[in-house]
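A note on names: the letters A, B, ... follow the listed sequences, proteins ahead of strands, and every chain is numbered from 1. Because the structure is a prediction, the values reported are computed rather than measured.
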Amino acid sequence: MDLTATRDRQGEVRANFNLGPMQKAPIIASDGSKIRAVTATWSLIPTWWKQDLEEKKFSTFNAKSETITTTRSFNGPIKSLRCLVPAQAYYEWKREGKVKQGAFAIGMNDQSMFAMAGIWTYWKGTYKQKDWEGYSFSILTCKPNPLTADVHHRMPVILHKDTYQDWLHAPVEQALNLASPYPSQNMDVWEVDGRVGKLSENDEGLLAPKAEEKPDDETGLLL
DNA sequence: CCAGACGTTGTT
DNA sequence: GTCTGG
DNA sequence: CCAGACGTTGTT
DNA sequence: GTCTGG
């Protein structure tokens with residue numbers, strides 16, 4: 001990400017191959033003027049939330065870019081609490097109706113890191129009766145590009161490097177102009193092992209292309 | 001006005 | 001905190 | 001979204 | 001089958 005560390009954070013940030021909602025990830029957050037890298041929980045907690053976190057039943061891990069300025073959970077943070085969510089890939093499940101057709105990883109065709117557009121809050125309260133405080137975030141979504149549309153009818157908003165500053169600092173209207181499908185020609189989709197469906201599975205093999213089923217005569221087994 | 005919800009994905 | 005529904 | 005639980009009485 | 005947790 002071409003970031004320069006301002007403090008020694010060695011050991012605090014490491015690769016995560018299977019992040020799910022309510023888990024923590026590093027983000028680059030702007031408060032409208034200054035930015036900082038922080039660890040944040042994936043699922044934005046509205047600052048006005050007063051009950052125990054366990055009572056929050058509605059989903060806030062994604063935010064539709066088309067309606068973000070008018071939804072009550074997001075219309076505050078979108079004004080000036082925007083962030084970058086770094087990743088090498090994201091996963092989607094493909095399905096035809098109710099029939100599952102496998103898990104896919106989606107990323108850049110050169111496997112480089114990219115940044116998804118997000119919003120964040122800082123919240124203090126309780127989770128399961130115990131004190132809880134920290135940062136949280138949502139990832140914006142938009143219509144898919146032709147490549148990813150084959151797998152899923154939404155995709156995360158991915159930002160071009162030359163738009164990072166505008167996403168973090170520009171007025172809302174200008175920032176939201178950046179919420180469009182990232183070009184197909186820069187991206188790649190590949191099938192991966194269904195293990196990604198279990199958050200307990202977390203190793204670099206999850207990102208590898210799924211091994212093809214071999215015909216019996218190539219397995220090397222004596223039948 | 002007050003009370004109650006506050007969301008996405010995908011599914012029907 | 002702010003919007004929607006009644 | 002997927003994975004995993006889904007319950008009560010009474011006990012520690 | 002449907003809800004909850006992650």
If I pick the P atom on D:dG7 and the same atom on D:dT11, what distance separates them, to the nearest angstrom?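 Each nucleotide's P atom is 22 Å from the other's.
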
Distance between the C1' atoms of E:dC3 and D:dT9, in whole angstroms?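 The answer is 24 Å between these two C1' atoms.
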
Could you pull out all residues at least two apart from A:E54 that satisfy salt bridge (charged side-chain N to carboxylate O under 4.0 Å, His left out)?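 For A:E54, no residue satisfies salt bridge (charged side-chain N to carboxylate O under 4.0 Å, His left out) once neighbours in sequence are set aside.
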
So what's B:dA3 paired with, Watson-Crick or G-U wobble, going by both distances under 3.5 Å?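 C:dT4 - that is the nucleotide pairing with B:dA3, both distances being under 3.5 Å.
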
Determine the interplanar angle of the A:W42 and A:F137 rings, folded into 0 to 90°, and report it as parallel if under 30°, tilted if 30 to 60°, perpendicular if over 60°.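 Ring orientation of A:W42 relative to A:F137: parallel.
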
When the side chains of residues 169-181 of chain A are checked against the rest of the protein, which donor-acceptor pairs come out under 3.5 Å, sequence neighbours left out?
| from | atom 1 | to | atom 2 | distance (Å) |
| --- | --- | --- | --- | --- |
| A:H169 | NE2 | A:Q165 | OE1 | 3.4 |
| A:Q174 | NE2 | A:D166 | OD2 | 3.4 |

I'd like to check the side-chain contact (heavy atoms from CB on, under 4.5 Å) partners of A:S112; sequence neighbours left out, ordered by chain and number.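 Checked A:S112 against side-chain contact (heavy atoms from CB on, under 4.5 Å); matches are A:M108, A:D110.
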
Protein N or O to nucleotides 3-5 of chain B N or O, pairs below 3.5 Å:
| from | atom 1 | to | atom 2 | distance (Å) |
| --- | --- | --- | --- | --- |
| B:dA5 | N3 | A:R72 | NE | 3.3 |

Considering residues at least two apart in sequence or located in another chain, which fulfil the ring-ring contact (aromatic ring centres under 6.0 Å, His included) criterion with A:Y135?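 A:Y135 satisfies ring-ring contact (aromatic ring centres under 6.0 Å, His included) with A:W120, A:Y122 only.
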
What is the separation between atom [atom1] on [X] and atom [atom2] on [N], rounded to the nearest whole Å?
X: A:E66; N: B:dT8; atom1: CD; atom2: C1'; result: 12 Å
X: A:N75; N: B:dG7; atom1: CG; atom2: C1'; result: 13 Å
X: A:Q101; N: D:dC2; atom1: CD; atom2: P; result: 12 Å

From the list B:dT9, B:dT8, B:dC6, which nucleotide is the closest neighbour of the side chain of A:W49?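 Closest of the options to the side chain of A:W49: B:dC6.
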
Protein-proximity profile, nucleotides 1-6 of chain E, B/S/- by nucleotide at the 4.0 Å heavy-atom cutoff, equals ----SS

May I ask you to evaluate whether A:T141 reaches the phosphate of B:dT9, defined as a side-chain N or O under 4.0 Å from OP1 or OP2?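 Yes, such a contact exists.
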
Between A:R36 and A:D31, does any NZ, NE, NH1 or NH2 come within less than 4.0 Å of an OD or OE carboxylate oxygen?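 Judged by the 4.0 Å cut-off on N to carboxylate O distance, A:D31 and A:R36 do not form a salt bridge.
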
